[in-house]
Amino acid sequence: MESALKAALDCAVGAVETTVDDSGVTFQRVPAAARARIADPTLDFMSTVPSGVRLEAVTDAPALELDLQLTHLVPVGQESAGTALDLVVDGAVRERVHTRQETVVHIDLRTRETQVHPAGPVTLRFELGEAGTERRIELWFPVAAAMKLLDVRIPEGTSLRPAPAAGPLWVHHGSSISQCSEADRPTGSWPAAVARAAGVSLLNLGLGGQCHLDQFMARTIRDLPAAAISLELGINVVNFDSMRERAFVSAFHGFLDTVRDGHPDTPLLILTPIFCTTAEDRPGPTPYGPDGRFTAVERPADSSGGCLSLGRIRELLGAQVELRRAEGDGALHLVEGTDLFGPADAGDLPDGLHPNPAGYRRMAGRFLPLAFGEGSLLRQRAGSSPR
């Protein structure tokens, strides 16, 4: 492995682990053991989408080049919007760097059949500033495309070394609504926007379609040096109809018990589902339709006992958080997702499920003061205040 690539890996932040092969490096957001046991191609793919992963470095290089292999998963009937990376220099966000040089995998979300349209690697160049002047840079990787880092180049005689952490570690886990594939740039995901404004270091474990109160994720969070933790829960359980009420309540407590084994006093925030018209009062599943929207299916009444709508999940999460607080967990808090994105925001749900870039910006603006403002929920030990 070339020296600049090695130096870049030392600067990487926001992944659970990395995998290295002869061609390059993949940043993973799900541990290898979990990926092997679950053996779900979608989980494997989402693990390699580096939402929230970035290089945080101090460098005197005037420019930096990356060779990347990008793969974008796109529903049949849609076109890829391409892939964007973001450069931040001494705290200032530069114009995004955008490419359409990517392998596109069209997937039929009903049959899971795929059509692959391959493309070769792409080289992206980032202009950093005047040669010989040290600066702090953040290079934020894609939120929607899987990425393999093939090579890194900086001019001869310049250096790249890890920057000090942006702040205390905030670990966030959730669904596609936390991965934010619909954001128009990496710093436009709502967790990234919040982290940058609050002065905390983000580890985003938001995984499209993969937030099901899995024990492997609870153990991952348990073992991380988190100063603050938040969990966006519920929507994938409805999307896939993966649990009924009895299992959901038990899984919720099991998940929190595991996290609390490693973080007995860490501020922990539960975020209930944001607004989603089709599943507010109807149980899932919510398949993707030919009209490009997610819609709950009709199901016989006698098959719906204990099935979960978003409204019922909010009731259950509220009641169980209150129960745990009554048992003595004063560092556990609840935020209603509809306070971040509610019925009045439905115009920014183009597919009926995922916010558009404007919706994510609004979510960030509403979450920031609740979670990291003066006297707020997660600031108790994270020790940060909004910039």
(message) Quick one: does any side-chain atom of Arg153 pair with a main-chain N or O of Asp151 as donor and acceptor, under 3.5 Å?
(response) no
(message) Please determine whether residues Val13 and Leu139 belong to a single hydrophobic cluster, defined as Ile, Leu, Val, Met, Phe, Trp and Tyr linked transitively by side-chain heavy-atom distances below 4.5 Å.
(response) no
(request) Identify the residue among Leu66, Leu68, Leu150, Asp67 that makes a side chain to side chain contact (heavy atoms under 4.5 Å, CB included) with Val122. (result) Leu68
(message) Can you confirm whether Thr19 sits close enough to Asp21 that some side-chain heavy atom of one is under 4.5 Å from a side-chain heavy atom of the other?
(response) no
(message) Any carboxylate oxygen within less than 4.0 angstrom of a Lys/Arg side-chain nitrogen, looking at Glu79 and Arg100?
(response) no
(request) Start with the C-alpha gap between Met217 and Phe255, add the side-chain angles, then the distance that decides, and say whether side chain to side chain contact (heavy atoms under 4.5 Å, CB included) holds. (result) CA-CA 8 Å; Met217 193 54 69; Phe255 194 101; 4.2 Å; yes
(message) When you compare the side chain of Thr83 with that of Met147, does any pair of heavy atoms fall below 4.5 Å?
(response) no
(message) Please determine whether a side-chain nitrogen of the Lys or Arg among Glu95 and Arg185 lies less than 4.0 Å from a carboxylate oxygen of the Asp or Glu.
(response) no
(request) Would you confirm whether Asp86, through its side chain, and Thr187, through its main-chain N or O, come within 3.5 Å as a donor-acceptor pair? (result) yes
(request) Give a yes or no on whether Phe294 and Val238 share a hydrophobic cluster (residues Ile, Leu, Val, Met, Phe, Trp, Tyr; joining criterion: side-chain heavy atoms under 4.5 Å apart). (result) yes
(request) Output the distance between atom CD (Glu280) and atom OG1 (Thr278), rounded to the nearest 0.5 Å. (result) 9.5 Å
(message) I'd like to know if the side chain of Arg54 reaches the main chain of Leu87, judged simply by a donor and an acceptor atom lying under 3.5 Å from each other, with no hydrogens or angles considered.
(response) no
(message) Tell me whether the rings of His172 and Trp170 are parallel (<30°), tilted (30 to 60°) or perpendicular (>60°).
(response) tilted
(message) Looking at Arg361 and Asp348, is any side-chain nitrogen of the basic one under 4.0 Å from a carboxylate oxygen of the acidic one?
(response) no
(message) Measuring only between side-chain heavy atoms, which start at C-beta, is Met363 closer than 4.5 Å to Ile177?
(response) yes
(message) Distance check, rounded to the nearest 0.5 Å: Leu316 atom CG versus Thr272 atom OG1?
(response) 11.5 Å
(message) Strictly distance-based, threshold 3.5 Å: is any side-chain N or O of Arg325 a donor or acceptor partner for the main-chain N or O of Leu332?
(response) yes
(message) Tell me whether Trp190 contacts the main-chain N or O of Gly359 through its side chain, where contact means a donor paired with an acceptor under 3.5 Å.
(response) no
(message) Please check: side-chain N/O of Asp40 versus main-chain N/O of Thr42, any donor-acceptor pairing under 3.5 Å?
(response) yes
(message) Are the side chains of Asn236 and Asn239 in contact, using a 4.5 Å heavy-atom criterion?
(response) yes
(request) Output yes when Asp345 and Arg366 qualify as a salt bridge under the 4.0 Å nitrogen-oxygen rule, no when they do not. (result) yes
(request) Following the transitive rule for hydrophobic clusters with a side-chain heavy-atom cut-off under 4.5 Å over Ile, Leu, Val, Met, Phe, Trp and Tyr, establish whether Tyr288 and Val76 coincide in one cluster. (result) no
(request) Would you give the length of the straight line joining atom NE2 of His173 to atom CD of Glu232, rounded to the nearest 0.5 angstrom? (result) 8.5 Å
(request) Could you give me the CA-CA distance, side-chain angles and deciding distance for Arg324 and Asp257, then say whether salt bridge (Lys or Arg N to Asp or Glu O under 4.0 Å) is met? (result) CA-CA 10 Å; Arg324 294 183 73 100; Asp257 287 346; 2.9 Å; yes
(request) Please say whether more than 12 non-hydrogen atoms of neighbouring residues, nucleotides or ligands are located less than 6.0 Å from CG in Asp108. (result) yes
(message) Please give me the minimum heavy-atom distance between Ala165 and Arg136, naming the atom from each residue.
(response) C-NH2, 4.1 Å
(message) Is there a continuous path of hydrophobic side-chain contacts, each under 4.5 Å between heavy atoms, that joins Leu310 to Phe252?
(response) yes
(message) So does Gln78 get a backbone contact from the side chain of His106, meaning a donor-acceptor N/O pair under 3.5 Å?
(response) yes
(message) Nearest 0.5 angstrom please: Leu205 CG to Cys211 SG, how far?
(response) 10.0 Å
(request) Look at the side chain of Arg94 and the backbone N and O of Val89, then say whether any donor-acceptor pair between them is shorter than 3.5 Å. (result) no
(message) Pairing donors with acceptors under 3.5 angstrom, does anything connect the side chains of Thr258 and Gln215?
(response) yes
(request) Evaluate side chain to side chain contact (heavy atoms under 4.5 Å, CB included) for Thr266 paired with Arg260, printing each intermediate quantity in order. (result) CA-CA 8 Å; Thr266 301; Arg260 282 300 190 215; 4.2 Å; yes
(request) Could you tell me whether a side-chain N or O of Thr71 sits under 3.5 Å from a main-chain N or O of Thr103, the two making a donor and an acceptor? (result) no
(message) Check Arg219 with Asp261, please: is the shortest side-chain N to carboxylate O separation under 4.0 Å?
(response) no
(request) Give a yes or no answer on whether the side chain of Arg29 reaches the backbone of Val53 with a donor-acceptor pair at less than 3.5 Å. (result) no
(message) Can you confirm whether the side chains of Thr99 and Gln101 place a donor and an acceptor under 3.5 Å from each other?
(response) no
(request) Using a strict cut-off of less than 4.0 Å between a Lys/Arg side-chain nitrogen and an Asp/Glu carboxylate oxygen, indicate whether Arg312 and Glu315 qualify as a salt bridge. (result) yes
(request) Considering only NZ, NE, NH1 and NH2 on the basic side and carboxylate oxygens on the acidic side, decide whether Arg282 and Glu298 come within less than 4.0 Å. (result) yes
(message) Is there a side-chain contact between Leu85 and Trp140 in this structure, where contact means two heavy atoms from C-beta onward sitting under 4.5 Å apart?
(response) no
(request) Would you mind reporting whether Pro62 and Thr158 have side-chain heavy atoms less than 4.5 Å apart? (result) yes
(message) Grouping I, L, V, M, F, W and Y whenever their side-chain heavy atoms are under 4.5 Å apart, do Met243 and Phe240 come out in a common cluster?
(response) no
(message) Can you tell me how far apart CG (Leu334) and CG (Leu268) are? Round to the nearest 0.5 Å.
(response) 11.0 Å
(request) Mind checking the CG-CG spacing from Leu370 to Leu271? Nearest 0.5 Å is all I need. (result) 9.5 Å
